[in-house]
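Notes follow the structure.
All values derive from a computational prediction rather than experimental measurement.
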Number of protein chains: 2
Amino acid sequence: MDHSKSTKKPMTSRELAALIGVSQSAVSRAFTPGSSIARDLRERILMQAREYGYQPNAIASMLTKRRTNIVGIVVSDMRNPFYPALIEKLTQALQRAGLQSLLFNVTPGAEIEKQLVAIHTYNVDAVVVIASTMLNSRMLTRITEGRKAVLLNRIGHEDIASVCCDNALGARLLVDHLYEAGHRRIGHVAGMTSSGIGMLRYSAFTSRLAELGMRLTRTVSHEAFSYEAGWDSALDLLADEPDAIFFTSDILALGGIDALRTDPRGAGVGVVGFDDIPMAAWPNYSLTTYRQPVSAIAETTTRLLTEDGPTTPKLYSLPGELVIRASSAPRITGAE
Amino acid sequence: MDHSKSTKKPMTSRELAALIGVSQSAVSRAFTPGSSIARDLRERILMQAREYGYQPNAIASMLTKRRTNIVGIVVSDMRNPFYPALIEKLTQALQRAGLQSLLFNVTPGAEIEKQLVAIHTYNVDAVVVIASTMLNSRMLTRITEGRKAVLLNRIGHEDIASVCCDNALGARLLVDHLYEAGHRRIGHVAGMTSSGIGMLRYSAFTSRLAELGMRLTRTVSHEAFSYEAGWDSALDLLADEPDAIFFTSDILALGGIDALRTDPRGAGVGVVGFDDIPMAAWPNYSLTTYRQPVSAIAETTTRLLTEDGPTTPKLYSLPGELVIRASSAPRITGAE
DNA sequence: TCTGATTCTGCATCCGGATGCACATTTCTG
DNA sequence: CAGAAATGTGCATCCGGATGCAGAATCAGA
């Protein structure tokens with residue numbers, strides 16, 4: 001009867017110390033960069049440690065150092081393909097910096113408050129909140145207070161740092177592009193009207209529209225950033241006979257493109273999105289969009305979280321890139 | 001000069017104990033279900049705790065209990081939309097069971113070994129490995145030994161529990177369906193040939209094909225589970241003039257559908273996928289597929305990880321559901 | 001009412017490392 | 001070469017809870 005599988009207890013610093021005849025403190029210092037220990041002693045200990053398979057217990061060290069090296073990532077909308085991509089890049093960047101990512105999936109149904117308690121009890125060093133219109137300002141304050149925090153794709157909080165692509169620039173570039181392609185009457189599809197980012201894009205969009213003397217036919221929203229919402233919104237807008245439609249996010253735009261294909265009036269209507277999710281590049285969609293600098297966002301976030309001192313609560317706005325594809329092809333001007 | 005933000009140290013059990021005049025042990029026991037403490041004392045302590053905002057420090061308790069309540073999720077392919085969906089459901093199910101998810105993103109480039117060390121140092125209670133052809137069998141053993149472990153969408157490891165949908169059943173049902181729709185000459189697109197799941201589906205597929213007297217024209221692989229690989233593979237297969245193509249995963253099938261549309265020979269070729277990712281339901285694709293029981297997979301995994309005792313290393317095969325859509329429409333039999 | 005069984009409670013100690021402090025060594029400096 | 005300064009090491013203690021053990025308190029039975 002051998003149940004060693006669960007019995008196999010890892011060695012402690014004291015055990016290793018005893019084995020190689022040094023003090024426990026020496027072992028601890030050997031593994032603590034910058035601590036006061038002779039170079040050769042450290043090397044000897046590290047070598048022996050490798051030999052015996054000793055690794056310091058991170059939990060114990062968290063307790064004394066008051067530092068977990070864990071970043072809580074709060075996310076609610078994994079449906080929008082942009083976010084998995086962002087999370088992937090982010091966790092990779094964090095891992096490179098020696099930080100692990102604890103994922104907090106905020107779901108609509110359950111008691112959100114309760115889910116967020118864990119963020120406190122797990123003592124995460126920092127919190128990254130991704131979009132999450134599900135969290136109100138008060139909850140946000142609760143989970144970010146007393147620790148480093150960065151908001152991604154969320155703005156309007158004076159006391160928390162926020163990293164975004166340059167939404168206003170993106171919106172303007174897209175409008176400029178539509179203008180050059182000959183589109184004049186533009187429809188707008190918002191995602192959720194409660195999204196600060198969405199509203200930011202919207203206001204940049206409309207003001208640029210005005211500057212160029214273009215016309216906003218109408219703005220509609222089905223209160224979701226989803227394919228279905230995009231579909232429904234596009235059909236709504238068709239009544240106005242727009243030249244083109246500005247979707248505030250790619251996932252909306254994809255639904256819109258497919259919807260437009262179901263209606264003869266949809267032919268020739270230009271479409272632009274925002275984000276540049278992988279599907280935007282699929283030939284079937286060929287969506288013109290503004291590419292979010294996902295890697296730069298991940299890097300910047302990581303930098304902010306690893307810097308010493310509290311995170312400066314400013315808005316870090318990173319330039320993206322206009323990606324022109326077929327969906328916004330120049331308008332064929334016939335009888336107007 | 002107030003820098004209280006970082007100074008605000010949470011209260012300890014001893015402090016609370018002193019405040020309300022009980023011993024530290026009492027406080028600890030009040031928060032430990034099933035420990036020996038009088039009902040009314042516990043309630044008094046819990047009430048005061050809420051009052052003073054005391055919460056036990058999870059790190060300290062991890063140290064003594066030798067239990068972190070953290071599950072490491074090892075994933076490498078976040079590109080395939082099926083996995084974000086699975087991860088979302090999984091983290092939610094785990095959260096409901098009081099477990100947090102530490103995400104380990106295994107990236108091709110970096111030294112994988114090094115990334116996996118963290119799994120050990122963080123003392124995660126359990127590991128869930130999702131697909132990850134990137135990890136070889138040896139690495140898998142390293143990270144799962146001594147702890148509970150479940151493989152998702154990965155098979156062929158005698159000593160680790162594995163949870164999957166019923167891949168063989170799914171493949172058979174899809175073949176049956178193609179048969180009924182009048183398709184006889186079937187092409188096959190594999191993802192990565194190193195994927196055990198892929199091969200399992202393949203063998204069930206071919207054997208059912210044989211049983212029904214249908215014909216496998218050819219099987220191709222571009223060694224990736226991606227839209228692009230599906231695209232290329234579909235075009236490869238067109239030379240054989242198949243009636244229909246079986247794609248071993250939806251994301252491949254989507255690429256395939258779009259590719260078939262670029263070639264006149266692609267017209268009328270039936271397509272089936274596997275997984276039922278959200279995009280499969282988009283009208284533009286309307287992909288017939290076998291839906292993986294994502295929730296059931298998440299629940300089963302959670303159950304296995306929360307059960308007492310070691311995880312039984314068997315294969316848990318859960319039934320999915322055939323989802324028939326337009327992509328596999330009955331073949332229009334013309335001049336053959 | 002007294003004894004034995006039960007249920008609680010607090011004390012002391014431990015979990016595995018980190019670290020201030022004092023002392024031992026080594027390295028300079030004059 | 002003495003004495004000061006710099007460097008390294010171990011001891012003891014702490015981080016914040018968990019838990020075995022012994023004694024206190026409550027309850028039951030006779």
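- B:R66 comes within 4.0 angstrom of the backbone, heavy atoms only, and of no base.
- Proximity of the aromatic rings of A:Y83 and A:F225 is defined here by a centroid distance below 6.0 angstrom, and this criterion is not met.
- Taking the nucleotide of DNA chain C with the nearest heavy atom to each of B:A26 and A:V27, the more 5' of the two is matched to B:A26.
- Among the atoms of the strands shown, none is found under 4.0 Å from any heavy atom of A:I59.
- Each of A:I119, A:I130, A:L151 was checked for a side chain to side chain contact (heavy atoms under 4.5 Å, CB included) with A:V74, and the lone residue meeting it is A:I119.
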Next item on the list: Would you check, one step at a time, whether the test salt bridge (charged side-chain N to carboxylate O under 4.0 Å, His left out) holds for A:E299 with A:R303?
Entry: CA-CA 6 Å; A:E299 298 296 344; A:R303 186 169 56 70; over 6 Å; no

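- In this structure a side-chain-to-backbone donor-acceptor pair under 3.5 Å is missing from B:D125 to B:V71.
- The nucleotide range of DNA chain C contacted by chain B, defined by atoms under 4.0 angstrom from heavy atoms of the protein and reported 5' to 3', is C:dC8 to C:dG16.
- Between the side chain of B:H157 and the backbone N or O of B:S162, no donor-acceptor pair lies under 3.5 Å.
- A:L16 places its CG atom 13 Å from the P atom of D:dG10, with the value rounded to the nearest Å.
- Residue contacts for A:S36: at a heavy-atom cut-off of 4.0 Å it reaches a base atom on one of the strands shown.
- Ranked by how close their nearest DNA chain D nucleotide is to the 5' end, B:R29 and B:S13 are led by B:S13.
- Sequence order on DNA chain C of the closest nucleotides to B:Q24 and A:T32 puts B:Q24 first from the 5' end.
- Not a single donor-acceptor pair under 3.5 Å links the side chain of A:S61 to the backbone N or O of A:N57.
- No side-chain donor-acceptor contact under 3.5 Å links A:Q100 to the backbone of B:L102.
- For the pair B:R42 (side chain) and B:T32 (backbone), a donor-acceptor distance under 3.5 Å is present.
- Annotation for B:L135 and B:I143: closest pair CD1-CD1, 4.0 Å, computed over non-hydrogen atoms.
- Using a 4.0 Å heavy-atom distance criterion, B:L63 is classed as a base contact.
- Here B:S25 lies in heavy-atom contact (under 4.0 Å) with a base.
- Recorded end-axis angle for the helix from C:dT1-D:dA30 to C:dG30-D:dC1 stands at 30°, based on five pairs per end and rounded to 10 degrees.
- Counting to the nearest Å, the C1' atom of D:dG8 and the CD atom of A:E43 are 15 Å from each other.
- Among the atoms of the strands shown, only primed sugar atoms or phosphate atoms (P, OP1, OP2) are found under 4.0 Å from some heavy atom of A:Q55.
- The residue A:S61 sits close only to the backbone: its heavy atoms come under 4.0 Å of sugar-phosphate atoms, none of a base.
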